[in-house]
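Okay, structure first, notes after.
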Amino acid sequence: MRVLMINVVCGIRSTGRICTDLATELEKQGHEVKIAYGRERVPEQFQKYAVKIGSDIDVKIHAIRARLFDGMGFGSRKATKKFIKWIEKYNPDVIHLHNIHGYYINIEILFNYLRTCDKKIIWTLHDCWAFTGHSAYCDAVQCERWMNGCYKCPQTKEYPKTIKDASQKNWKKKRNIFSNIPNMIIITPSKWLAELVKRSFLNEYPVDVIHNGIDTNQFKPMYSNLREVYHLEDKFLILGVATVWNNMKGYYDFIELSKKLNKNYKIILVGLTNQQIKSLPDEILGIKGTSSIKELVYIYSGVDIFLNLSYCENYPTVNLEASACGIRVLTYDVGGSPESAGEDCIVVEKGNINQVVEEIKKIKEKCYPKNKVVVMDKQTTIKFYLKRYQNMSKVDAGKPNMIE
């Protein structure tokens, strides 16, 4: 079997690692795999899979178009036409789409090809962008205009930022572009996102839910002297982890939380820039981002509670990682975040810092033992994807089929 995946990145960040995890396992089983990507670096060990779509200049021009005209997904015409010719030569049996937004591919040209290519097509949605007129994170503001047609988007200042609101026109264009694709199924990592898909114009397609997994051989409790290293022996440690910290990820909520906790608590944020670290209040310890799983496990294993204060989530990997390392998760009630945090998680109202404080104090006072949550291993996730590659005909259109 010959498989082609398409994603904005390859081998980095959550979606890029999902692609390379799948590719590695497929290769072990004797299949041939390529990952077409649009941006950023590819780790050396995954370059054998990587096929670059367009150039960095193409991405910049596409991004400018998106910023000025709300044209995400409608640039990169020449690069996409060239890529389609490459696909025709490669002749894959399965085409697996992931994030097709990110200023690197033209969705109209791509889907015109998919409509007539007679290939098995899987589309894993990692956010809401596919069925909205602009936003990838419509749930952050409880917007449901996408159900009947977007207009006056309240998130033009969020990714993908734009100075012009073309959400109404974009919604109509996407509905036409993404409709009537033969032999395509949609996969979502969370039941929450699957339910949104059922209410959108994508409801003509079969929907599977396949939870993301992690490497449970690496993410597990380990000895950690984090407290001694940072001289925090007498503190209750609160952890937040993100690839990029901004308001949508709850950065300012952590700042506000630090003002409401006394000296018995210490917040640790991982994934910050140097500038962010310099501007932190004394109550927060800032650590730069790390690509080392061992270092992440060391940090997870050394704290008392993990907080996910993001305002929009599909099925966050950080919740899985913390749970696998034995750490209780407190999350805002957004998207699929509670779904990924396990039955023992603590769920609070989005933005309610006072409730967060109350729950943290309860955890500290009760001195709960290390958490024991069963987290899906990535090999199980891969097994379900492989099953879908091999047999895509047993799912009823519009009816989510839960695979977990």
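Keep in mind it's a predicted model, so treat the numbers as computed, not measured.
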Should the pair [X] and [Y] be assigned to parallel (<30°), tilted (30 to 60°) or perpendicular (>60°) ring geometry?
X: His98; Y: His126; result: parallel
X: Tyr265; Y: Phe236; result: perpendicular
X: Tyr389; Y: Tyr385; result: tilted

Considering non-hydrogen atoms only, spot the tightest contact between [X] and [Y] and give its length.
X: Ser179; Y: Arg115; result: O-NH2, 2.8 Å
X: Cys345; Y: Pro338; result: SG-O, 4.0 Å
X: Met248; Y: Cys312; result: CE-SG, 3.5 Å
X: Ile214; Y: Ala324; result: CD1-CB, 3.7 Å
X: Ile181; Y: Tyr205; result: N-OH, 3.0 Å
X: Asp139; Y: Glu313; result: OD2-N, 3.8 Å

* Asked: Between Asp58 and Lys52, is the closest basic N to carboxylate O distance under 4.0 Å?
  -> no

* Verdict with reasoning, Ile360 to Leu257, per side chain to side chain contact (heavy atoms under 4.5 Å, CB included) -> CA-CA 11 Å; Ile360 289 173; Leu257 176 63; 4.1 Å; yes

Tell me which donor-acceptor pairs under 3.5 Å the side chains of residues 74-90 have, and how far apart each pair is, sequence neighbours excluded?
unit_1, atom_1, unit_2, atom_2, d
Ser76, OG, His62, ND1, 2.7
Thr80, OG1, Ser76, O, 2.6
Thr80, OG1, Asn106, N, 2.8

Looking only at side chains, do [X] and [Y] share a donor and an acceptor under 3.5 Å apart?
X: Thr124; Y: His96; answer: yes
X: Asp70; Y: His134; answer: yes
X: Asp93; Y: His31; answer: no
X: Asn319; Y: Ser337; answer: yes
X: Asp165; Y: Thr156; answer: no
X: Glu228; Y: Asn225; answer: no

Side-chain contact, heavy-atom cut-off 4.5 Å: [X] with [Y]?
X: Asn183; Y: Ile121; result: no
X: Phe178; Y: Met184; result: no
X: Ile346; Y: Ile363; result: yes
X: Met1; Y: Leu26; result: yes
X: Glu283; Y: Ile267; result: no
X: Thr273; Y: Trp245; result: no
X: Leu4; Y: Val51; result: no
X: Asn7; Y: Ile18; result: no

Under the salt bridge (Lys or Arg N to Asp or Glu O under 4.0 Å) test, which residues partner [X], sequence neighbours left out?
X: Asp333; answer: none
X: Glu295; answer: none
X: Arg17; answer: none
X: Arg199; answer: Glu144

Any chance you could measure [X], atom [atom1], to [Y], atom [atom2], to the nearest 0.5 Å?
X: Met72; Y: Ile100; atom1: CE; atom2: CD1; answer: 10.5 Å
X: Met376; Y: Ser323; atom1: CE; atom2: OG; answer: 13.5 Å
X: Leu309; Y: Ile238; atom1: CG; atom2: CD1; answer: 9.5 Å
X: Asn112; Y: Cys117; atom1: CG; atom2: SG; answer: 11.5 Å
X: Lys152; Y: Arg145; atom1: NZ; atom2: CZ; answer: 8.0 Å
X: Lys60; Y: Arg39; atom1: NZ; atom2: CZ; answer: 11.0 Å

* Structure fact -> Those residues at least two apart in sequence (or on a different chain) that pass side chain to side chain contact (heavy atoms under 4.5 Å, CB included) with Arg13 are Val9, Glu40, Thr243

* Asked: side chain to side chain contact (heavy atoms under 4.5 Å, CB included) with Ala63: which residues, sequence neighbours excluded?
  -> Tyr103

* Run the salt bridge (charged side-chain N to carboxylate O under 4.0 Å, His left out) check on Asp304 and Arg227 step by step: do they pass? -> CA-CA 11 Å; Asp304 295 295; Arg227 296 175 185 276; 2.7 Å; yes

Mind checking ring-ring contact (aromatic ring centres under 6.0 Å, His included) for [X] and listing every partner two or more places apart, or none if nothing turns up?
X: Tyr137; result: none
X: Phe201; result: Trp171
X: Phe306; result: Tyr300
X: Tyr311; result: Tyr332

* Criterion side-chain contact (heavy atoms from CB on, under 4.5 Å) against Cys128, the qualifying member of Val197, Leu196, Asn314 -> Leu196

* **Working for side chain to side chain contact (heavy atoms under 4.5 Å, CB included), residues Ile210 and Thr381** => CA-CA 7 Å; Ile210 299 180; Thr381 300; 3.9 Å; yes

* Asked: Among Glu27, Glu32, Lys34, which residue meets the side-chain hydrogen bond (donor to acceptor under 3.5 Å, both in side chains) test with Tyr49?
  -> Glu27

* Asked: Run the side chain to side chain contact (heavy atoms under 4.5 Å, CB included) check on Ile353 and Lys259 step by step: do they pass?
  -> CA-CA 10 Å; Ile353 301 298; Lys259 299 174 184 177; over 6 Å; no

* Side-chain (Glu339) to main-chain (Lys191) donor-acceptor, under 3.5 angstrom -> yes

* To do: In sequence, state the C-alpha distance, the side-chain angles, and the governing distance for Leu114 and Leu97, and then conclude on side chain to side chain contact (heavy atoms under 4.5 Å, CB included).
  => CA-CA 11 Å; Leu114 296 178; Leu97 310 177; 3.9 Å; yes

* **Residues forming a side-chain hydrogen bond (donor to acceptor under 3.5 Å, both in side chains) with Glu358, sequence neighbours excluded** => none

